Every structure is written in C-alpha cells, then in structure tokens.
Q: 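The structure's right below; bear with me while I get my questions together.
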Protein chains: 2
Amino acid sequence: MSINFNIENFINDFSCSCSKVQVKNFSKSEVITTYIQKRNQFCILLEGHADLVRYDYNGNKTIIERFSKNDVFGEIFYTISTNNELFVESCENSKVLFFIYDDIKSKCKSSCKFHETLVSNLPEIILSKVIDLNTRIELLTKRSIRDKLLGYFEILSIRNFSKTITLSFSLTYLADYLSVDRSAMMREMKLLKDDGIIKKNGNKITLLYK
Amino acid sequence: MSINFNIENFINDFSCSCSKVQVKNFSKSEVITTYIQKRNQFCILLEGHADLVRYDYNGNKTIIERFSKNDVFGEIFYTISTNNELFVESCENSKVLFFIYDDIKSKCKSSCKFHETLVSNLPEIILSKVIDLNTRIELLTKRSIRDKLLGYFEILSIRNFSKTITLSFSLTYLADYLSVDRSAMMREMKLLKDDGIIKKNGNKITLLYK
DNA sequence: ATTATATTGTTGCTTTTGCAACTATTGTAT
DNA sequence: ATACAATAGTTGCAAAAGCAACAATATAAT
C-alpha cells in the first residue's frame, strides 16, 4: 500500500560491499524476520509481497500489515506494545534488504555510494511510511463500514484523478486493511450499490455521488 | 501520546539564527496551522497541547490526533487523502517550532549547531512518530471495545512495569483515541470491572488477570 | 461564592456489525 | 482435464456498539 516516496531510484543502484547491508531471497510462506524486541532492524522489500502477522493464544492469524515492493518494515518501526511475537512472512518469492539502523547511521568504512545515499534518504523513506499509516488511521477511525469504504474509495479516486477505480487486490485484503468483517463489508457494498452511491463491477468501482 | 525518542535534549539548546526555523506562541483555541496541500511543513510542539481536527460538511468536529510536548506534526506527515481541510488548534498556551522540510535539508548558511543537530536527528524523530502510529493502529484494528481497552491497558502496564496504571488524561479523550463511543466505552469498563478483569478507581486502573 | 463548562457515569432503544455457514466463481497446480 | 485452493457473494441470527438523553461530579472562570 505504499504510494508516495519512490525509493526505487537509488535502490536500483544497490551495490554495497560493506557487511552492514544484506540482501536475501525468500520463497512463499518463509519467515523473513520476527519482531521480538532485540534490535533496530530496518528492512526494505525490494521485490514480492509480505505480511506482518500475529498468532494469538488460540493460534488465530491476524494480518497486521501487508507490504509490497519498496515498502519498509522491521522491528525499528514497531517497538514492544504487547508480549506477542510478530512474524513477517513472505507471500511469494521476495527479495529483502536488511540492515541495523544503528550500524548504518555511522560512516561506512568503505564509504560506498549506496550507503551514503541510503542515509541521506532515510528521512523521506520513513516519512512516506508515516503518511501511509496516517492514511490508514484516518480510515480506521471512521465509525461505520460505509464511511470506511467511501473514505477509501475517495482516496483512490483523488489519487487517480478519476471517479472510477480498480482495486488491485482482493476484497478479502481490503476487509483486513479496514479491519472489518469481510461478509459485513460485502453487505455494505451491496447497500451502497442499492442506494445508488456506487456502481460496482467485480473490482471496478465508480463513485456516483457529486 | 509521544513516548519514545526524546527530542528534548537538543531542542533545549535551540538557538538558530537562520531564518529557516521559527518559533511562535499560541493561546487557547488559536489555529496553529492548517493542512491544505501546499508545502512540506514540519512542526515540533515545544510546549502545551494541540489537536489536529477536521470539521465535516455538518460542522461536526473530529479530533484526529492530539499532540503533547515534543510531538511532531505538520502537513508533511499528512498528504492529501480527502478534500477536507485540517486544522491544528492550540488547547492551551503552546509554543511551536516551525520549518519547511525541504529548506532544512540543505546546508545552513550560518551553519548553526541547532540546524545540524536537527537534521541528523530527523530519522529518529520521524521513527518515533511511526512507532506511535503503529501502536494506535494495533489498537484500532482490534474488533471490540473490550479488546481495545485491554490492549491499551496492557501497553501502559508494560511501559510502567506495573499492573496498576493511572490515566493522565480524560476518558473522553481515550474514547477519541480508540475511536469508540464514549458511553459504550464506559459501559464496557463497567463490564470489565463486573467480570473481575480490572479494578477501577477514578482514572487509576489495575489489571487483575494473570 | 456562584456560575459556567467539562468530565464522568448510567440506561433504554435501535442500528450496525460480527459470526457462522453456506454456494458460486475464479484461479492455480498437477 | 481435473482437483484444490482462494476469492467473491449471500443470509439469518445474536451480540456489540452507537445514539440520545439524562444526572452527578468535578474543574475552571468571573
């Protein structure tokens, strides 16, 4: 769900000889990393998709966040809060860049260009994360499923300069993102259709109001 | 609600002669700034309290976020999303530090120490914001008021190394923060008490489970 | 001291949401 | 081609949450 700052520019130039930065590949269902309050790990998803998940005492899986290409994640963004251990699981073949934030801050011995660029871009990278999180909070704080859906559609509509939007992911995921029951969300979508507020055809949605 | 990184250390040394950084004072109800998609404004609340609010088409006021001492805010954290203009209103006498992110990135002509320190601390400052937002999202995504309350209490409990916590703000604000109806939240607190899960005396709460 | 304002606490009623349990459809793997 | 898995779509029912409208305190303002 990342949308704003484009880290691709300098990530494409990746060539760091120092040991501070690592790139690893993962296949479907592999655990990329865990959050257990041990280090300031900072990760960038270079390719693929991954989920941040929690398993509660009953073994129920909750997807807290979903990461796509160029999204950043890692324990440094998610300190303590509860006792639960969190996992980042690869949804498909993925490539991930790892480093420890405290290591990268200090000057690189081999003074590689990548290292330098990464550090100078860190504020923007993290800012784009803040914007994404604020967007989600704005939606999560809406009091009804209807308002959450309309708020979400409005954001996509403004971004695409169009009243018609196409969801690039499953409705199951959308329900997770908005933190509502999927069947209740489907029902509300139907009501929005019946009320003439949206037009829906599969994952193509058109806003009819205003 | 800021908790992590302490920007006070270098903010106390504030003495910037360059024009890039400004400090202004505000009294109760004054508008500190607005978010209208115009510039990368970055603010740090040095003293007081402030609310980020939205007025919808009916004039209803929604408090999106509440800022305390050392919290950061500004349009740079909150790009577009909807057409609504957002306001940051001072809740009492407040002191705010302003700068435009793009200006501060470049070297300061007068090469003042503060300027330099600010830039080198930006990643940490923004990271602490990310952690706060992730914490709130974790609570907002919980499906029931009970889970939201218990999640919130648990976080405070872990932070204070104590099963007994004291809320430093109103229950009205807590309901806003968790984005639930206040009266429904009060009812749920009563049920938690009746079920022997918490003990409550005013704003002092003790967790009894485990 | 008295008024005004904000916060807390409570309750009946209504609406919304979640849950469970399906079927239908689409996509993927062998 | 067929089986398996994931996604989409639907519905009845029960539980949870929102809304409205209060009274009771507590805090701040004049």
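Treat the numbers as computed from the prediction; the structure is a model and nothing was measured. Reminder, nothing fancy here: chain letters follow the sequence lines and each chain counts from 1.
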Q: Figure out the CZ/C1' separation between B/Phe169 and C/dT8, and round it to whole Å.
A: 15 Å
Q: In whole angstrom, give the distance that lies between atom CG of A/Leu174 and atom P of D/dA8.
A: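 So the CG-P distance, A/Leu174 to D/dA8, works out to 9 Å.
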Q: List for me each residue that meets side chain to side chain donor-acceptor pair (under 3.5 Å) alongside B/Asn134, sequence neighbours excluded, and say none if there are none.
A: none
Q: What nucleic acid atoms does A/Lys200 come within less than 4.0 Å of, heavy atoms only: base, sugar-phosphate, or nothing?
A: sugar-phosphate
Q: For each nucleotide in nucleotides 13-30 of chain D, reading 5' to 3', give B when a protein heavy atom comes within less than 4.0 Å of its base, S when such contact involves only the sugar-phosphate, and - otherwise.
A: B---BBBB----------
Q: If I take atom CG in residue A/Asn93 and atom C1' in nucleotide C/dT28, what distance separates them, rounded to the nearest angstrom?
A: 15 Å
Q: Do A/Thr135 and A/Glu138 meet the criterion of a side-chain donor-acceptor pair at a distance under 3.5 Å?
A: no
Q: Expressed in angstrom and rounded to an integer, what is the separation of A/Met186 atom CE from C/dC19 atom P?
A: 17 Å
Q: Over how many whole Å does the gap from A/Leu178 atom CG to C/dG18 atom C1' extend?
A: 15 Å
Q: Under 4.0 Å from OP1 or OP2 of D/dA8: is there any side-chain N or O of A/Lys190 that close?
A: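 Negative; the distance criterion is not met.
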Q: Going by the angle between their ring planes, with limits at 30° and 60°, are A/Tyr35 and A/Tyr78 parallel, tilted or perpendicular?
A: tilted
Q: So if I take the C1' atoms of five pairs at each end of the helix from C/dA1-D/dT30 to C/dT30-D/dA1 and get each local axis, what angle do the two axes make, rounded to 10 degrees?
A: 60°
Q: Excluding sequence neighbours, so at least two apart, what forms side chain to side chain donor-acceptor pair (under 3.5 Å) with B/Ser170?
A: none
Q: Take atom NZ of B/Lys200 as the centre, draw a 6.0 Å sphere, and report whether it contains more than 12 heavy atoms from other residues, nucleotides or ligands.
A: yes
Q: A/Leu191 CG to D/dT11 C1': how many Å, rounded?
A: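 After rounding, the gap between these two atoms is 12 Å.
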Q: Could you tell me how the ring of B/Tyr177 sits relative to the ring of B/Tyr173: parallel (under 30°), tilted (30 to 60°) or perpendicular (over 60°)?
A: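 Rings of B/Tyr177 and B/Tyr173: tilted, 30 to 60°.
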Q: Quick one: is the NZ or CZ of A/Lys24 closer than 6.0 Å to the six-membered ring centre of A/Phe98, and within 45° of its axis?
A: yes
Q: What pairs of residues pass the salt bridge (Lys or Arg N to Asp or Glu O under 4.0 Å) test when at least one of them lies in residues 178-190 of chain B, not counting sequence neighbours?
A: B/Arg146-B/Glu188, B/Lys190-B/Asp194
Q: List in chain and number order the residues that pass side chain to side chain donor-acceptor pair (under 3.5 Å) with A/Asp102, two or more places apart in sequence or in another chain; answer none if no residue qualifies.
A: A/Asn40
Q: Roughly, in whole Å, what's the span from CD in A/Glu92 to C1' in C/dA29?
A: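 About 16 Å, once rounded to whole Å.
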Q: Tell me: CE of A/Met189 to P of D/dT7, nearest whole Å?
A: 15 Å
